[in-house]
Enquirer: 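Below is one structure. I have some questions about it.
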Amino acid sequence: MLILDAISWILDPAHWDSVNYQAGIREELLAHLWVTLVSVVIVAAIALPVGLYIGHTGKGRRVAIAAANVVRAVPTFGLLSLLFILIGIGVGPGLLVFVLLGVPPLLAGAYAGLEAIDRQTIDAARAMGHTEWQILFRVELPLAAPLILGGLRSTVLQVIASVTLVSNFGINSLGDFILGGLASRDYVQVVAGSVLVTALALLVDALLALLERAAVPRGVSRGDGRTTARGRRVRTAPTGTPIAEGN
Amino acid sequence: MAWVLSHLGDLWTLTLAHVGLSVPAIVLGFVVSVPLGYAASRSRIARAVLFTVGNILYTIPGLALLVLVPVALGIPILNPINVVIALAIYAIAIMVRSAADAFASVDADVRQSATAQGFSAVQRFWRVELPLAGPVLLAGIRVVSVSTIALATIGALVGIPSLGSFFTDAYQRAFPTEAVVGIVLVLVLAAVFDVLLTAVGRLLMPWNRRSSALGARVSAVAVPAHAGGR
């Protein structure tokens with residue numbers, strides 16, 4: 001069984017260390033996580049302020065949706081190829097692409113999270129004398145936290161999946177096992193690499209799901225947008241993201 | 001431009017190959033998702049199970065799934081069927097949510113009226129619920145179509161020809177034009193599919209024509225709440 005061979009390949013301690021410039025699992029895993037982390041931090045620095053601005057003011061929503069639709073259509077692998085040719089070797093082109101494709105889900109999570117909040121709640125806060133900043137930080141952010149984290153979760157998963165592709169351009173990631181294995185017809189290694197990336201994605205997803213659950217403020221029922229005062233159903237927010245290239 | 005003119009044959013062949021991978025995946029995704037989405041809209045248990053499985057499958061990175069599908073099914077890795085199945089899995093993972101939303105958007109009063117008028121469950125599904133769910137289903141399949149076409153390019157990394165072959169080739173030869181051409185073709189193909197799907201939607205749902213502005217909004221909103229809802 002190929003899959004069992006792959007699992008014993010992963011469990012073999014010899015494959016965890018780097019030998020003779022042949023990166024081991026540890027090195028590839030750390031590289032993968034590092035690129036993911038840097039990309040996600042940059043994404044958050046861009047998408048959170050912009051998303052909160054759109055959600056709070058209601059301005060620019062159309063532009064954000066249109067931009068997200070265009071990004072969805074762009075093949076990540078193609079953009080990576082082009083930028084690696086034009087800019088050259090190094091993590092730079094990869095980061096650029098990951099940030100580009102990581103922004104829409106978090107952005108959508110941020111503005112949709114704010115939009116899903118009952119207007120009456122916000123008006124009440126305003127009537128109580130909250131300033132706009134206080135409304136944002138004390139009312140909107142806590143209530144929107146689950147959806148924002150949901151957006152973050154999509155972003156992280158997109159990036160983890162896409163980082164696999166940079167192996168084709170000489171950057172270390174877990175994709176090295178898949179592409180390297182394909183090149184040398186070592187299918188055990190190919191499957192081992194796939195299992196590793198999948199396990200990483202599922203693990204990170206599960207952790208973020210727990211975080212998302214923990215972020216629900218006390219007294220707020222989670223999901224379905226059924227938190228409104230008059231029991232109106234609010235359309236579930238568009239935090240979803242499409243499959244992106246690497247995904 | 002000279003490169004494009006001298007390689008029109010390749011452009012055509014690879015575009016056809018790309019269509020050959022994407023269309024079966026999109027169609028399969030739709031056909032499988034409609035009944036599953038219907039089940040998810042009617043039963044909490046079905047909903048929980050389908051959404052959980054969908055999320056797990058959706059979480060698997062593309063390149064990994066492309067390699068795991070042939071291992072799971074025991075077919076050669078270079079068989080294009082692998083790409084079709086992998087793409088269909090993602091399509092289903094997204095589309096089941098859309099379909100569940102679509103059927104949930106059918107007013108309960110309308111459904112009960114149909115039952116009261118003597119429609120059997122099957123008649124009610126085909127004549128009442130499916131048509132009324134149509135606009136949201138259309139929005140879902142448009143998202144699936146665009147994503148599938150973009151995603152099909154990674155088949156080239158495993159050695160399955162598609163428009164993605166332009167990317168691998170461009171990188172090997174350090175020839176940016178070819179990568180640009182590939183990206184443009186993917187975008188054009190996605191746009192063409194979107195126009196076709198919209199046209200089919202208008203043909204099948206003429207009552208929906210007036211609200212095209214609304215349709216655009218729905219297509220943005222009906223993106224499955226992949227992250228938010230689970």
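These numbers were taken from a predicted model, which means no experiment stands behind them. Labels below follow one simple rule: chain letters A, B, ... track the order of the sequence lines, proteins then strands, and each chain is numbered from 1.
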Enquirer: About how many Å separate CZ of Phe77(A) and CG of Leu63(B), when rounded to the nearest 0.5 Å?
Expert: 9.0 Å

Enquirer: By number, which residues in residues 177-184 of chain B have some heavy atom less than 4.5 Å away from chain A?
Expert: Ala179(B), Val180(B), Ile183(B)

Enquirer: Counting only non-hydrogen atoms closer than 4.5 Å, does Leu157(B) touch chain A with its backbone (N, CA, C, O), its side chain (CB onward), both, or neither?
Expert: both

Enquirer: I need the minimum non-hydrogen distance between Pro61(B) and Val197(A), along with the two atoms involved.
Expert: CG-CG1, 3.3 Å

Enquirer: Testing the basics here: between Ser194(A) and Val67(B), what is the closest heavy-atom pair and its distance to 0.1 Å?
Expert: OG-CB, 3.5 Å

Enquirer: Tell me, side chain or backbone of Leu79(A) under 4.5 Å from chain B's heavy atoms, or both, or neither?
Expert: both

Enquirer: By a 4.5 Å heavy-atom criterion (distance strictly below it), what part of Phe175(B) contacts chain A: side chain, backbone, both, or neither?
Expert: backbone

Enquirer: When only heavy atoms count and the cut-off is under 4.5 Å, which of residues 13-30 of chain B reach chain A?
Expert: none

Enquirer: Please report the closest heavy-atom contact between Arg72(A) and Ala150(B), naming both atoms and the distance.
Expert: O-CB, 3.9 Å

Enquirer: How many angstroms lie between atom CG of Leu80(A) and atom CD1 of Ile154(B), to the nearest 0.5 angstrom?
Expert: 11.5 Å

Enquirer: I'd like to know whether CG of Leu4(A) has more than 12 heavy-atom contacts from other residues, nucleotides or ligands below 6.0 angstrom.
Expert: yes

Enquirer: Kindly state each residue pair satisfying ring-ring contact (aromatic ring centres under 6.0 Å, His included) with at least one member in residues 172-201 of chain A, sequence neighbours excluded.
Expert: Trp9(A)-Phe177(A)

Enquirer: Can you tell me how far apart CG (Leu66(B)) and OG1 (Thr164(A)) are? Round to the nearest 0.5 Å.
Expert: 11.5 Å

Enquirer: So which atom in Thr59(B) and which in Ala201(A) form the shortest heavy-atom distance, rounded to 0.1 Å?
Expert: O-CB, 3.5 Å

Enquirer: What part of Leu202(A) is in contact with chain B, defined as an atom under 4.5 angstrom from a non-hydrogen atom: side chain, backbone, both or neither?
Expert: both

Enquirer: Once rounded to the nearest 0.5 Å, what's the spacing between atom CD1 of Ile60(B) and atom CG of Asp205(A)?
Expert: 11.0 Å

Enquirer: ring-ring contact (aromatic ring centres under 6.0 Å, His included) with Tyr38(B): which residues, sequence neighbours excluded?
Expert: Phe103(B), Phe125(B)

Enquirer: Any idea which of Val191(A), Leu200(A), Val204(A), Leu179(A) has the most non-hydrogen atom pairs under 4.5 angstrom with chain B?
Expert: Leu179(A)

Enquirer: By a 4.5 Å heavy-atom criterion (distance strictly below it), what part of Thr168(B) contacts chain A: side chain, backbone, both, or neither?
Expert: both

Enquirer: Which one, Leu82(A), Val195(A), Ile85(A), leads in non-hydrogen pairs under 4.5 Å with chain B?
Expert: Ile85(A)

Enquirer: Of all the heavy-atom pairs spanning Leu187(B) and Ala73(A), show the shortest one and how long it is.
Expert: CD2-O, 3.5 Å

Enquirer: Looking only at heavy atoms, which two atoms of Ser81(A) and Phe167(B) are closest? And how far apart?
Expert: OG-CB, 3.3 Å

